[in-house]
There are 2 protein chains.
Amino acid sequence: MGLAGASRILLDITSRYDTLRTMSERKIALLGYALLGLLHQKPSSGYDLRKIFATTPMGGFSDSPGAIYPALQRLQQSGLIRARVEDRAGLRRRRVFSLSAAGVAALEKWLAGPVTRNDLMRHIDDLMLRFAFMDGVKGQAASLEFLKNFRKDLSAYIPELHGHLNALREHMTVSGRLALESGILSYETLLHWIKTSIVTYQKIKR
Amino acid sequence: MGLAGASRILLDITSRYDTLRTMSERKIALLGYALLGLLHQKPSSGYDLRKIFATTPMGGFSDSPGAIYPALQRLQQSGLIRARVEDRAGLRRRRVFSLSAAGVAALEKWLAGPVTRNDLMRHIDDLMLRFAFMDGVKGQAASLEFLKNFRKDLSAYIPELHGHLNALREHMTVSGRLALESGILSYETLLHWIKTSIVTYQKIKR
DNA sequence: TCACCCATGTAAAGTGTTACATGATTAG
DNA sequence: CTAATCATGTAACACTTTACATGGGTGA
């Protein structure tokens with residue numbers, strides 16, 4: 001890529017910062033969506049959710065109380081989840097959260113969003129989290145659609161990465177080149193996974 | 001995994017939060033190390049660095065000025081980089097940063113750190129960034145050592161992931177299971193990449 | 001003169017990390 | 001009575017995102 005191309009990209013991004021005026025609805029961080037998705041599966045307490053993050057390979061979210069309890073409070077203040085206090089003989093009271101109708105709507109809206117180039121480049125974990133919840137919230141037909149969009153955009157992106165590699169190859173150290181190749185390889189593996197997953201859904205449908 | 005195992009893990013993590021008292025040296029965020037590594041390769045201005053993040057597949061760092069300029073200021077305040085102002089006829093003045101001796105030391109110390117289980121689970125991008133800079137800062141022998149440690153820990157971790165998958169498989173939706181499998185697959189691909197990269201370095205050595 | 005490029009910054013808001021704090025019950 | 005488990009929180013600080021602001025130069 002020439003310098004002109006580089007500048008063009010930087011300009012595009014600069015104007016994106018200037019014009020992308022976010023709308024009235026407050027944004028939800030990825031952790032918030034992870035919590036919404038888990039609460040959609042099953043009403044849970046903050047402690048239950050911490051255990052999930054601590055013991056399963058869920059995305060890589062922090063299980064620290066300083067992340068989860070404030071996030072739950074924000075979701076509750078936004079009216080997306082509600083709490084029921086369980087006063088059980090013996091144990092300390094627990095606060096069990098479940099989704100409100102608005103919470104389900106927010107989750108569905110997030111899942112319905114497009115697969116963007118920006119997601120592909122910087123937020124693959126967002127995309128995988130969305131897919132993980134897709135069956136349970138929007139059904140298998142939606143999951144299949146999502147995978148097809150994912151395949152289309154990723155197929156277009158990978159050749160660009162090879163272009164970068166070829167352009168930069170001469171100026172890099174061995175470890176620098178290998179690191180870049182590792183990134184490309186992981187995208188290629190992902191594309192392969194998408195293709196076999198599409199086949200999995202098509203088999204189920206028949 | 002039984003409930004006892006789950007609780008044990010949560011406890012371990014809780015005590016990690018309580019005891020890991022960080023030392024006098026201020027911590028540097030990943031972006032800070034990315035900047036140190038790039039400045040080690042070549043003295044650059046904030047604008048140059050933004051262009052790198054905007055136009056190459058570098059990790060997935062933000063190219064926003066609100067991230068980069070404050071990060072450069074922090075590094076400068078910590079004495080890890082210094083600025084030389086270039087007043088060039090024509091263009092606006094630019095501030096070109098380069099590493100101080102302390103900056104080189106901080107970079108080397110970061111690169112020399114161990115490959116931890118926590119890095120493996122939540123911070124693969126840190127590990128890849130460290131490796132990308134390894135050749136240029138500590139030489140190819142260090143890169144090979146790093147890969148061998150990486151291989152050892154990752155080889156031990158992957159079977160655990162399969163264990164999780166088998167334990168959870170029955171209770172998951174199709175998309176949930178596929179998402180988890182995608183994660184495992186990416187670790188397996190990474191391990192394969194590590195092995196071929198080790199061979200690459202061994203060929204160079206001969 | 002307008003669009004575009006080069007170049008550097010700041011302010012506000014949101015979020016995450018780290019560390020600390022509390023309280024009740026059960027098993028040994 | 002002590003450790004471990006269940007369970008919920010807060011405060012300080014650091015960092016990122018988003019948006020805004022500025023200013024000089026070049027080519028059509």
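Letters go in sequence order (proteins before strands), and every chain restarts at 1.
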Q: Does Arg74(A) put a side-chain nitrogen or oxygen below 4.0 Å from OP1 or OP2 of dA13(C)?
A: no
Q: Starting at CZ of Arg122(A) and ending at P of dT18(D), how long is that distance when rounded to a whole Å?
A: 11 Å
Q: Does the side chain of Ser62(A) get closer than 4.0 angstrom to OP1 or OP2 of dT17(C) through an N or O atom?
A: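 Yes, because at least one side-chain N or O of Ser62(A) sits under 4.0 Å from OP1 or OP2 of dT17(C).
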Q: Going by the rule side chain to side chain donor-acceptor pair (under 3.5 Å), which residues pair with Thr189(A) if we only count those two or more places apart in sequence or in a different chain?
A: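 Testing Thr189(A) for side chain to side chain donor-acceptor pair (under 3.5 Å), a comparison that skips the adjacent residues, returns Thr189(B).
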Q: Which protein N or O atoms sit under 3.5 Å from an N or O of nucleotides 8-10 of chain D?
A:
| unit_1 | atom_1 | unit_2 | atom_2 | d |
| --- | --- | --- | --- | --- |
| dT8(D) | OP1 | Arg95(A) | N | 2.7 |
| dT8(D) | OP2 | Tyr47(A) | N | 2.9 |
| dT8(D) | OP2 | Tyr69(A) | OH | 3.1 |
| dG9(D) | OP1 | Arg95(A) | NE | 3.4 |
| dG9(D) | OP2 | Arg95(A) | NE | 3.4 |
| dT10(D) | OP2 | Gln73(A) | NE2 | 3.2 |

Q: For dT15(C), does either OP1 or OP2 sit under 4.0 Å from a side-chain N or O belonging to Lys27(A)?
A: no
Q: Over how many whole Å does the gap from Asn118(A) atom CG to dT16(D) atom C1' extend?
A: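 Atom CG in Asn118(A) sits about 14 Å away from atom C1' in dT16(D).
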Q: Mind checking what makes side-chain contact (heavy atoms from CB on, under 4.5 Å) contact with Ala83(A), not counting sequence neighbours?
A: Gln76(A), Arg95(A), Phe97(A)
Q: According to side chain to side chain donor-acceptor pair (under 3.5 Å), who are the partners of Asn149(B), at least two apart in sequence or on a separate chain?
A: none
Q: Rounding to a whole Å, what distance do you find between Leu75(A):CG and dG16(C):P?
A: 10 Å
Q: Please enumerate all residues that pass salt bridge (Lys or Arg N to Asp or Glu O under 4.0 Å) together with Arg84(B), with sequence neighbours excluded.
A: Glu86(B)
Q: Would you indicate, yes or no, if dC6(D) has its OP1 or OP2 atom less than 4.0 angstrom from a side-chain nitrogen or oxygen of Lys51(A)?
A: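 No, no such contact exists.
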Q: List the atom pairs, donor and acceptor, that lie under 3.5 Å between side-chain atoms in residues 139-147 of chain B and the rest of the protein, sequence neighbours left out.
A:
| unit_1 | atom_1 | unit_2 | atom_2 | d |
| --- | --- | --- | --- | --- |
| Ser143(B) | OG | Asp135(B) | N | 3.4 |
| Ser143(B) | OG | Asp135(B) | OD1 | 2.5 |
| Ser143(B) | OG | Gly139(B) | O | 3.4 |

Q: Output the rounded distance in Å from OH (Tyr33(B)) to P (dT16(D)).
A: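 Taking OH of Tyr33(B) and P of dT16(D), I get 13 Å after rounding.
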Q: Could you tell me how far apart His123(B) (NE2) and dG16(C) (P) are, to the nearest whole angstrom?
A: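 In whole Å, dG16(C) P and His123(B) NE2 are 13 Å from each other.
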Q: Find the distance Leu30(B):CG to dT17(D):C1' and express it as a whole number of Å.
A: 17 Å
